[in-house]
Amino acid sequence: MPIATTDPRTGDVVRTFDALTPDALEERLARAARAAATYRLTSYEERAGWLRAAADVLDRRTDEVAALMTLEMGKTRKAAAAEVAKCATACRYYADHGADFLADEPVDPAEVGASQAYARYQPLGVVLAVMPWNFPLWQAMRFAAPALMAGNVGLLKHASNVPQTALFMEELFREAGFPDDAFQTLLIGSDLVERVVRDDRVAAATLTGSEGAGVAIGRTAGESLKKVVLELGGSDPFLVMPSADLAKAAKVATTSRNQNNGQSCIAAKRFIVHADVAEEFEALFAKEIAALVVGDPMEDGTDIGPLATESGRDDVEALVRDAVDKGARVVVGGERPDRPGWWYPPTLLADVTDEMDLYLEEVFGPVAQLHVVPSAEAAVELANATRFGLGSNAWTNDPAEQDLFVRDLQAGAVFVNGMTTSFPALPFGGVKASGHGRELAAHGIREFTNVKTVWVG
Ligand code: NAP
């Protein structure tokens, strides 16, 4: 994939970049290793200060960075600005709490026959992050803020279609005052990722992206016995039971499925509705979806812009066509407009069966699928009938059903009567083919640390 900014509104290539040569990559790795040797000795107070400065830079440069993200991958300016603000919040969150999360954990010395004993969290060294384009700043920050606070040095290999946002990340940390090379962006294609993961100077890796990329990096990390965190795809269920506030559920369902132009790993993708309210929910949901404004993501008032890439748009179109050919009913949308750029309309499909490809695949675009079930137990069974396990949504005001969903949904998160999202203060990650390891909260900052046992006689 060429490293380039392509405007998804038109398909025009705006700017291209040369990938690092092997020699230049070698030099970057050497610089990262040198930085790691001294950065690990900086104090939590210093790192917190730099993170707060990074948050201030983000606040100051919000408009510029938001416009860049919109240009590179098509999300609305409003969503992009909110993403920048969320990144600033994450920087401040780890500045405020990082030292507490990583404080020494004493144990009773008498229990282990010592005069002192404790667990200490120490940085691993250089960590590679391979990141996707869909939340180009947030995904990278979710890695960078805790990793830097823990004393690790970061290397970012970003998706090839967001090179300018990737370069901004490096500039951001430099402008915030972090030591030289504490964070570097590597403009490389995915073909060089294996080489970086295998390099002895790199201690660990994390990837947010598709299952295929997760398998590739997981295999390489396994072969080189390195820690890896994987944040992969999802096909989140959204359960609607008769006691739910249906109007609110339909509104949130619409936002959840169509946020980020339908390209979110934790977007609700499969809507599983109790038969008693199926007709009413379908009508409400269809009305909300049909009201979404599709248009130029740079303009105020737009809800949905184009998809980020041509291949992504083609994949979505193929999944819808396959479903319709096999009997799915198009309630809203379903036809791509004949215009330049990577547009696909918000779409609602009903009568979806397990013969259709989208029943099992992740649909990475604004396409919702409706399923009707006879009971809460049947809803759980269908919700779990997927290889993914990222987030899940459950809408019910019945306490027994809430308990059932919290207990039995196979997912890294369950949100009851609200939209699945990420917060710096809550752990984020998946089970099954959605990956392993956690980002955010205390869990995320500890992923790339050596939990060192200290025993003093
Ligand atoms: P992708 O194609 O897997 O790309 C993600 C990153 O991996 C890019 O930097 C890409 O580089 C690189 N990559 C691709 N193939 C690779 C390989 N074989 N070896 C090493 N690196 C490789 O995914 P995407 O299309 O950008 O993102 C969409 C996917 O990410 C969806 O499945 C979505 O659900 C998932 N996602 C998950 C989370 C989460 O937190 N769980 C969050 C956001 C997105 P190039 O761009 O150079 O190919």
Side-chain angles (χ1 to χ4, degrees), residues 1-6 8 17 19-20 72-75 83 128-143 155-163 165-166 169 185-198 205-221 228-236 259-269 307-316 319 342 361-365 386-391 411-413 420-422 426-440 444 447:
M1 199 169 168
I3 300 177
T5 299
T6 301
F17 292 81
L20 292 178
E72 292 201 300
M73 51 69 65
K75 70 171 61 204
E83 185 172 333
L128 171 71
V130 182
M131 290 289 142
W133 45 263
N134 62 336
F135 292 94
L137 207 65
W138 171 240
Q139 302 290 358
M141 186 58 78
R142 226 157 71 163
F143 154 73
L155 290 175
L156 170 65
K157 181 270 180 273
H158 219 323
S160 293
N161 57 330
V162 290
T165 311
M169 282 295 287
T185 290
L186 306 176
L187 287 187
I188 54 172
S190 56
D191 54 318
L192 283 181
V193 167
E194 179 173 345
R195 173 176 162 196
V196 178
V197 175
R198 287 191 193 279
T206 179
L207 176 130
T208 301
S210 59
E211 275 178 281
V215 169
I217 203 166
R219 183 184 298 128
T220 308
V228 67
V229 168
L230 298 176
E231 297 285 357
L232 309 178
S235 189
D236 287 9
Q259 59 170 322
N260 214 34
N261 307 340
Q263 304 157 119
S264 166
C265 54
I266 48 166
K269 291 170 187 145
L307 298 195
T309 63
E310 183 173 24
S311 62
R313 194 273 316 273
D314 291 350
D315 288 348
V316 169
L319 286 167
W342 323 134
E361 294 305 315
E362 177 185 28
V363 187
F364 219 54
T386 167
R387 62 186 186 285
F388 297 111
L390 196 52
T420 305
T421 185
S422 58
L426 282 174
F428 184 97
V431 294
K432 298 161 75 178
S434 292
H436 52 244
R438 288 293 178 269
E439 292 187 302
L440 301 175
E447 284 284 8

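Just so you know, ligand 1 is whichever comes first in the structure, and atom 1 is the first atom listed for that ligand. Values below: every heavy atom of this structure, side chains too, minus hydrogens, waters and symmetry copies. Throughout, residue positions are numbered sequentially from 1 according to the sequence presented.
Looking at atom 14 (C) of ligand 1, its nearest protein heavy atom turns out to be Ala213 CB, 3.7 Å. Among protein heavy atoms, atom 5 (C) of ligand 1 sits closest to Thr208 O, 3.7 Å. The single protein non-hydrogen atom nearest to atom 24 (P) of ligand 1 is Trp133 NE1, 3.4 Å, given as residue, atom name and distance. Closest to atom 34 (O) of ligand 1, if we only count protein heavy atoms, is Glu362 OE2, 2.6 Å. The protein heavy atom nearest to atom 37 (C) of ligand 1 is Leu232 O, 3.0 Å. Atom 35 (C) of ligand 1 has Gly209 O, 3.3 Å as its closest protein atom, hydrogens excluded (heavy atom only). Among all non-hydrogen protein atoms, the one lying nearest atom 23 (O) of ligand 1 is Ser210 N, 3.5 Å. The nearest heavy-atom contact from the protein to atom 7 (O) of ligand 1 is Val130 CG1, 3.3 Å.
Residue Leu207 has at least one heavy-atom neighbour below 4.0 Å for each of these atoms of ligand 1: 7 (O). The distance from ligand 1 to the heavy atoms of Gln139 drops below 4.0 Å at these ligand atoms: 42 (C), 43 (C). Near Ser160, meaning under 4.0 Å from one of its heavy atoms, ligand 1 places the atoms 45 (P), 46 (O), 47 (O). The Lys157 neighbourhood of ligand 1 comprises atoms 9 (O), 11 (O), 45 (P), 47 (O), with distances under 4.0 Å to a heavy atom of that residue. Counting atoms of ligand 1 from 1 in the listed order, those under 4.0 Å from a heavy atom of Asn134 are 43 (C), 44 (C). Proximity to Leu390 (heavy-atom distance under 4.0 Å) selects the following atoms of ligand 1: 41 (N).
Under the 4.5 Å side-chain criterion, counting only non-hydrogen atoms from C-beta, Leu307 is in contact with Gln263. Within the 4.5 Å cutoff, the side chain of Thr5 has heavy atoms near those of the Pro163 side chain. Taking 4.5 Å as the limit, every side-chain heavy atom of Glu72 sits out of range of all side-chain heavy atoms of Pro136. The shortest side-chain heavy-atom distance between Lys75 and Glu83 falls under the 4.5 Å cut-off. Side-chain contact between Arg438 and Glu447 is present, with heavy atoms from C-beta onward closer than 4.5 Å.
When distances from atom 9 (O) of ligand 1 to the protein are checked, a heavy atom turns up under 4.0 Å.
Residue nearest to atom 22 (C) of ligand 1, selected from Gly212, Ser434, Gly391, Ser190: Ser190 (by heavy-atom distance). Between Gly429, Cys265, Ser264, Ala216, it is Ala216 that holds the heavy atom closest to atom 19 (N) of ligand 1.
Across Gly233 and Ser434, no two heavy atoms sit closer than the pair O-OG, 2.7 Å. Leu207 and Ile217 get closest at one heavy-atom pair: CB-CG2, 3.8 Å. Between Ser160 and Pro2, the shortest heavy-atom distance links the atoms CB-O, 3.5 Å. For the pair Thr206 and Met131, the tightest heavy-atom approach, listed with the atom from each and the gap, is CG2-CE, 4.1 Å. Listed here is the closest heavy atom pair of Asn134 and Gln139: OD1-NE2, 3.7 Å. Between Ala267 and Asp236, the closest heavy-atom pair is O-CB, 3.5 Å.
Contacts of Val193 with ligand 1, taken as heavy-atom pairs under 4.0 Å, involve the side chain alone. Residue-level proximity to ligand 1 for Ile3 is absent, since no heavy atom of it falls below 4.0 angstrom. If you look at Glu194 next to ligand 1, there are no close heavy atoms at all, none under 4.0 Å. Contacts between His158 and ligand 1 below 4.0 angstrom, taking non-hydrogen atoms only, involve the backbone exclusively. Residue contacts with ligand 1 for Asn161 are absent, since no atom lies close enough (heavy atoms, distance under 4.0 Å). Under 4.0 Å from ligand 1, the heavy atoms of Phe428 that appear belong solely to its side chain. Residue-level proximity to ligand 1 for Arg142 is carried by the side chain, the only part with a heavy atom below 4.0 angstrom.
Contact between Ile217 and ligand 1 is absent, with no heavy atom of the residue lying under 4.0 Å from the ligand.
Contacts of Trp342 classified as ring pair (Phe, Tyr, Trp, His ring centres under 6.0 Å), with partners at least two apart in sequence or in another chain: none. Phe143 pairs by the ring pair (Phe, Tyr, Trp, His ring centres under 6.0 Å) definition with nothing, not counting sequence neighbours.
A distance of 7.5 Å separates CZ in Phe135 from OG in Ser422, rounded to the nearest 0.5 Å. The distance from atom CG of Asn161 to atom CE of Met73, rounded to the nearest 0.5 Å, is 8.0 Å.
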